[in-house]
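Single-structure report; data block below.
These figures come from a predicted structure and were not determined experimentally.
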Amino acid sequence: MASELEQAIAYALSRDVVIGDEYYSVLTATQRAQAVSIAGLAEIEQVKYVMAQVNSAIINGSTFEQFQANVNLENIDLPRHRLRTIYQTNLQSAYSHGRWIRQQEDKKNKPYLIYLTKNDNLVRPEHQFLHKTIRPIGDAFWLYSTPPLDFSCRCKTRGISTQEAEQYGITLAVDLPESVAANGFGHSPELYNDKFKSLVQDKVSELMLGNFKQSSQIAQINSRINTAVDKVLSKPKTALNKLLDAAKKLLGI
């Protein structure tokens, strides 16, 4: 059985990298949970490099200072506060995913989740309102209220037994607020299981094909290739990854 950290690493490494314009204007909020981008970086290779340093930090337990130094080696121009947000948010997202997997594996023994904040003066008021909320692990509340709920959110959930839940007091459904998650956060991994992940990958592939078609390189090739690309885009999305490879070969890239 994979550990919580191993699950976190697997999730971090599985996310697709897309440029900011596509991330925010094309992918839905739930799809963004299985993809990653960095606003302000237009070059896909820069985004990939920064995220590689994030993943390295998750794997090796690197500090923020080590992460920042590695990013600076490539002369990527992002201010310190942005880098800290990128570092904290992506680590929290990965750890939350790994924690969710382990909670699902242990739900017979711990069928409830409790929402916990750091309970200090840095916690957002709307997050603090959720502190010690207790609901069954399969409750719909968690579908859109699984931390992190926003950039740099430090909240988490913890699995608890039925005895503990009854002792602390199970939160009534009528007392639950609507989701306070912002910026596309808060979505439970339940919403992007393997089937959903494949749909996201198909969407990313479709975006890449669209980019090929619109690039100056494509504009210079003959109408036969343009027609071929049109046919590719009309195919079922499930075949797009294979067709993408074929398109690359046609373009000699």
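Atom OG1 of residue T85 and atom CG of residue N90 lie 10.5 Å apart, to the nearest 0.5 angstrom. Atoms CD1 and OG1, on I114 and T171 in that order, are 8.0 Å from each other to the nearest 0.5 Å. Interatomic distance, R154 CZ to L91 CG, rounded to the nearest 0.5 Å: 14.5 Å.
Considering all non-hydrogen atoms of both residues, P111 and T162 come closest at CG-OG1, 3.3 Å. Closest non-hydrogen pair, F67 versus L83, comes out as CE2-O, 3.5 Å. Nearest heavy-atom pair, F185 versus P148, reported as atom, atom and distance to 0.1 Å: CB-O, 3.3 Å. Of all heavy-atom pairs between P147 and C155, the closest is CB-O, 3.5 Å. Minimum heavy-atom separation, Y112 to P136: CD2-N, 3.5 Å.
Remark: W100 engages S188 in a side chain to side chain donor-acceptor pair (under 3.5 Å) (not counting sequence neighbours).
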Quiz item: Would E164 and R158 count as a side chain to side chain contact (heavy atoms under 4.5 Å, CB included) if you check the C-alpha gap in whole Å, the side-chain angles of each, and the deciding distance to 0.1 Å?
Solution: CA-CA 11 Å; E164 289 176 296; R158 179 167 64 84; 4.2 Å; yes
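Contact check for L130 versus P177: side-chain heavy atoms found under the 4.5 Å cut-off. Put simply, the side chain of F151 reaches to within 4.5 Å of the side chain of N183, judged on heavy atoms.
Side-chain heavy atoms closer than 4.5 Å link hydrophobic residues (I, L, V, M, F, W, Y) into clusters, and following such links, possibly through other members, connects I76 to I86. One hydrophobic cluster, built from ILVMFWY side chains closer than 4.5 Å, holds both F141 and I137. Under a hydrophobic-cluster definition in which Ile, Leu, Val, Met, Phe, Trp and Tyr are linked whenever side-chain heavy atoms come within less than 4.5 Å, directly or via other members, I134 and L143 are assigned to different clusters. Using a 4.5 Å cut-off between side-chain heavy atoms of Ile, Leu, Val, Met, Phe, Trp and Tyr, with links allowed through other members, I59 and V71 fall into the same hydrophobic cluster. When hydrophobic clusters are built by joining Ile, Leu, Val, Met, Phe, Trp and Tyr residues whose side-chain heavy atoms come closer than 4.5 Å, directly or via intermediates, L149 is not grouped with V123.
Remark: side-chain polar atoms of S96 are not paired, donor with acceptor, to backbone N or O of Q92 under 3.5 angstrom. Proximity of a side-chain donor or acceptor of Q53 to a complementary backbone N or O of V50 within less than 3.5 Å is not detected. Remark: side-chain polar atoms of D120 are paired, donor with acceptor, to backbone N or O of L122 under 3.5 angstrom. A distance-only check finds a donor-acceptor pair linking the side chain of S179 to the backbone of Y144 [under 3.5 Å]. Looking at N60, its side chain does come within 3.5 Å of a backbone N or O of S56 through a donor-acceptor pair. For S152 (side chain) and T89 (main-chain N/O), no donor-acceptor pair under 3.5 Å exists by modelled atom type.
E105 pairs with exactly one of K108, K107, R102 by the salt bridge (charged side-chain N to carboxylate O under 4.0 Å, His left out) rule, that one being R102.
Ring geometry for W142 against Y115 counts as parallel: the plane angle stays under 30°, on a 0 to 90° scale with 60° as the upper cut.
Applying the side-chain hydrogen bond (donor to acceptor under 3.5 Å, both in side chains) test to every pair with at least one member in residues 125-141, sequence neighbours left out, gives these pairs: T117-Q128, T117-H131, N119-Q128, R135-D139.
Ionic pairing of R80 and E65 is present here: one or more N-O contacts between side-chain nitrogen and carboxylate oxygen are shorter than 4.0 angstrom.
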